[in-house]
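Just so it is clear: chains get the letters A, B, ... in the order the sequence lines come, proteins before strands, and each one is counted from 1.
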There are 2 protein chains.
Amino acid sequence: MVRLTGKVLDIEYRGVLLNRDDARTIGVLDGDRVELINEEKKTVAQAFVTTTATMLQQGTAGVYQVTNRRLQLEGGEAIEIRAVGRPASIDFIKKKMDKGKLTMEETQTIIREIVDDTLSPGEISAYLVGTYINGLDMDEIEYLTRSAVNTGEKLSFASHPIVDKHSIGGVPGNKITLLVVPIIVAAGLKCPKTSSRAITGAGGTADLMEAIAPVAFSAEELQSMTEKVGGAIVWGGATNIAPADDKIILYEYPLKIDPHGQMLASVMAKKFAVGADLVVIDIPVGRYAKVTTVEEGRKLARDFMELGDRLGMRVECALTYGEAPIGRSIGVNLEVAEALRILKGEEGPDSLIQKSAVIAGIALEMAGKVQAGEGTASALDLLTSGKADAMMQKIIEVQGGDPAVTAEDLPPGDHSFTVNAPETGYVVEMNNRALITIARAAGAPHDHGAGIHLHKKQGQHVKKGDPIFTIHADRSWRLQKALEEGRRLMPVVVEGMLIDRVPGNYWRTPMH
Amino acid sequence: MVRLTGKVLDIEYRGVLLNRDDARTIGVLDGDRVELINEEKKTVAQAFVTTTATMLQQGTAGVYQVTNRRLQLEGGEAIEIRAVGRPASIDFIKKKMDKGKLTMEETQTIIREIVDDTLSPGEISAYLVGTYINGLDMDEIEYLTRSAVNTGEKLSFASHPIVDKHSIGGVPGNKITLLVVPIIVAAGLKCPKTSSRAITGAGGTADLMEAIAPVAFSAEELQSMTEKVGGAIVWGGATNIAPADDKIILYEYPLKIDPHGQMLASVMAKKFAVGADLVVIDIPVGRYAKVTTVEEGRKLARDFMELGDRLGMRVECALTYGEAPIGRSIGVNLEVAEALRILKGEEGPDSLIQKSAVIAGIALEMAGKVQAGEGTASALDLLTSGKADAMMQKIIEVQGGDPAVTAEDLPPGDHSFTVNAPETGYVVEMNNRALITIARAAGAPHDHGAGIHLHKKQGQHVKKGDPIFTIHADRSWRLQKALEEGRRLMPVVVEGMLIDRVPGNYWRTPMH
């Protein structure tokens, strides 16, 4: 144990910079873990070491911002630092690497040490790769879900049912939450919805909602807003609900892996932690979606339902059409404007309205608000009657936004370019991944005006010279970038005859 | 591509600190990779991001030391920074995670990107865990070895044979290289020996050698010293010979994994890169050694020999007794003094002399310097005649040390404590791992005087009150630490009768 004087460094990371002589005294090398103690507050962080001593005098410890959120130093305090031993989790991670089955306690230890920042990037990655290669059985997935819930905040409502929904990702333009939640709440149900920001997409629901209202709330605030107006749409990252996932995803993303068990647990932990009784899961199926075949989608649906059973939640899943973007817009302002227009009763793309009504309708049926088979019609009625819009205004207002917001307040970016049909024919392919790449190149989700408006969709006939899609950007160099990607990726294919239309026969296959 | 002004930060790490607004413009988040370009020099590094702007103004990039060794900024230069895409390796790492077989080209890409710092810790860990779980076959191990050689420096000698030796780790006090190399060179053979520093041990050969001569040399210097006097004992880390291993080990070590294929490749790449024709590998077998059974040792030996065949090197392996420390000393000065005394013809532990002579003797036989069966005797002769000592003096001198050094120049630490036998009986167990932990707690290998001197060894009879071992430390608080560990770990067990003596029947089982 060594006492050093704390100095706060302006680096957004979990770490502490040590003078190399102090590091030697503590007995750590660059990259080792140390425990830091500021009176009652303690945390574990990665040690960085100075090369010379120009940046940090001996006797001083440079505490990084993320670490300092736990220590709350102002600078100048004496802090205690010691090398920490091997985290307890390592043996359990090793057990999984050796094809063992993890117990509840072992799983809890791993997840706790991920949340506490005790594990290093290499160790977290080892855990994820171990679960990816050797798999998790349903017991282990249940333990993982419970561990993720236990290491974060939970909501607890006096009255029930609580409804929640989730869409498996991978399909651009999937702004249905902005319609589904107000419909469900307008039907008199409670829906405390936590959403994510885009990691690989052109805009997560939290990014979209943030264009019209604040989204960073604590779990307590989410609960009280839901009690007040029936629902809210917030950014999950700020709530500290099932927070392990936010760290895990950082290591899954570069490897492009999403181990089955991790994905199930990640979705269901968030539902369980908000106290949901009824959960609808939207599973888009398509060549460029996360789930590529109906069979795979059905298997995933069964696993969600089994996990729900084990946790005491009723789950229904809908396999939805994931071959093309949902609606006609991709990108923050474009998507939010599209959703607001539909809420206000203006014309909107049928695919978006239908999908939202189907998902919301399943929830209404599950909750017993309507007879089986009447959910979609009832949801459509709540939408067209303006009741969902009135509810959305309340939700925007309770989150601190302006309820009078309209589509006109959310303009697309000034810089735009329209791609026209090179020949007469049918749109035979829209490559979701390519469209997302182009939207991101244009600046989405950071630049709110950036995105893509689709004039035509898959299966539609176009004449030579007809506009197919328009790229929007807030900055001209971003538009150039997006055009370069567009030329490279050719996201929309027009051919002379309809050779490849995918039948809509898995449009809504609810499973229960 | 964004142009920023470079500023060198005194942090010993691979990274660049960006103002958060610049990071946004570049399009990277905390932890993403960026390419940095300073005229012709370029490198990839992890981006860190400021929380506010107190540490770094917008327009300035804070380049860390390891990254700056490639960019060679003095500060104030304009550098170009851009986000880099997904490394090519990721697909190959994923292939291994999915049980695929890696080609030479894929393996080469992975190793190149590890050496280049293109891969992140999480990605390197994923690769290692993938090879740990799914294994590498002998083709893949050969590709890995060749890739490790190709990404570093190589030696090339005009005259042959070149001899090399390696000891698999895990046994404390294994200072045999300090005897084996001078014996081999005294016999007229060339031996350019690269050694490692301790990672988990109480002293690697490079740590030991550094107590009597500089050890940090380039590959070119190692070659010219070997050409001049016949051999050298240097720190491999400075030579840039098969450098991937130094990075890989950083991620294996915390997980306590050493995937079979990685270990084979790591050892053999270093031998291949120095141009070795003849290689002797010492495989200690013991309960607390890396290899715990003779059967396992024989299998490992066969793999080393097969890999040697594929690379055109003749390999012989000796399974050696790894149940107890080699000789009577653990720790830098204690071990070096023990080796020097033996070279000078003073009395020394039989186990150390025998083992050194056996390993060197195999090399003499392989090189045809003596008849089969006469290697050990010939090696012993070179040792007792003072020829090995004369050669060691030349090696020390060519490396820039004082050839007149004696054991008296390497005193044990002033602070010491002797543990006496609590009862009369036999030493039935010496726990290698516990002894290493205690030596490290006492300050080894950083404090040169720190370590353990063993008065008794396994199987010996002791009377109540006889000294069993003495702990030495350079600093009194380190001695206290070591005593605490000693009380906790009980590294030596004395019992009233000999219940558990491990027969020496696998003492030298050369395989060829």
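Distance check, rounded to the nearest 0.5 Å: NZ of B:Lys94 to CG of A:Leu255 gives 8.5 Å. To the nearest 0.5 Å, atom OG1 of residue B:Thr25 and atom CH2 of residue A:Trp477 are 7.0 Å apart. For the atom pair CG (A:Asp32) and OH (B:Tyr253), the distance works out to 6.0 Å, reported to the nearest 0.5 Å.
Applying the side chain to side chain donor-acceptor pair (under 3.5 Å) test to B:Arg14 and every residue at least two apart in sequence or in another chain returns nothing.
Across A:Arg86 and B:Pro254, no two heavy atoms sit closer than the pair NE-O, 3.8 Å.
Interface remark: of the candidates A:Pro121, A:Ser120, A:Gly130, A:Gly122, A:Gly122 forms the most heavy-atom pairs closer than 4.5 Å to chain B. For the set B:Ile90, B:Val66, B:Leu18, the count of heavy-atom pairs under 4.5 angstrom toward chain A peaks at B:Ile90. Ranked by heavy-atom pairs shorter than 4.5 Å toward chain B, the options A:Tyr64, A:Tyr132, A:Tyr251 are led by A:Tyr132.
When the shell of 6.0 Å around CD of B:Gln57 is examined, it contains 12 or fewer heavy atoms from other residues, nucleotides or ligands. Residue A:Lys95 qualifies as enclosed at atom NZ: its count of foreign heavy atoms under 6.0 Å is above 12.
Counting heavy atoms from C-beta on, the side chains of A:Ile257 and B:Met97 come closer than 4.5 Å. In this structure, the side chains of A:Arg24 and B:His446 come closer than 4.5 Å at one or more pairs of heavy atoms.
Residue contact with chain A, scored on non-hydrogen atoms closer than 4.5 Å, is absent for B:Leu250. At a 4.5 Å heavy-atom cutoff, the contact between A:Asn134 and chain B is made by side-chain atoms alone. Using a 4.5 Å cut-off between heavy atoms, B:Gln46 contacts chain A through its side chain alone, with no backbone atom that close. Of the atoms belonging to B:Ile133, heavy atoms from both backbone and side chain fall under 4.5 Å from chain A. With a 4.5 Å cut-off on non-hydrogen atoms, A:Lys99 touches chain B through its side chain but not through its backbone. Using a 4.5 Å cut-off between heavy atoms, B:Ile11 contacts chain A through both its backbone and its side chain.
The main-chain N or O of A:Thr51 is found under 3.5 Å from a side-chain atom of B:Asp10 such that the two form a donor-acceptor pair.
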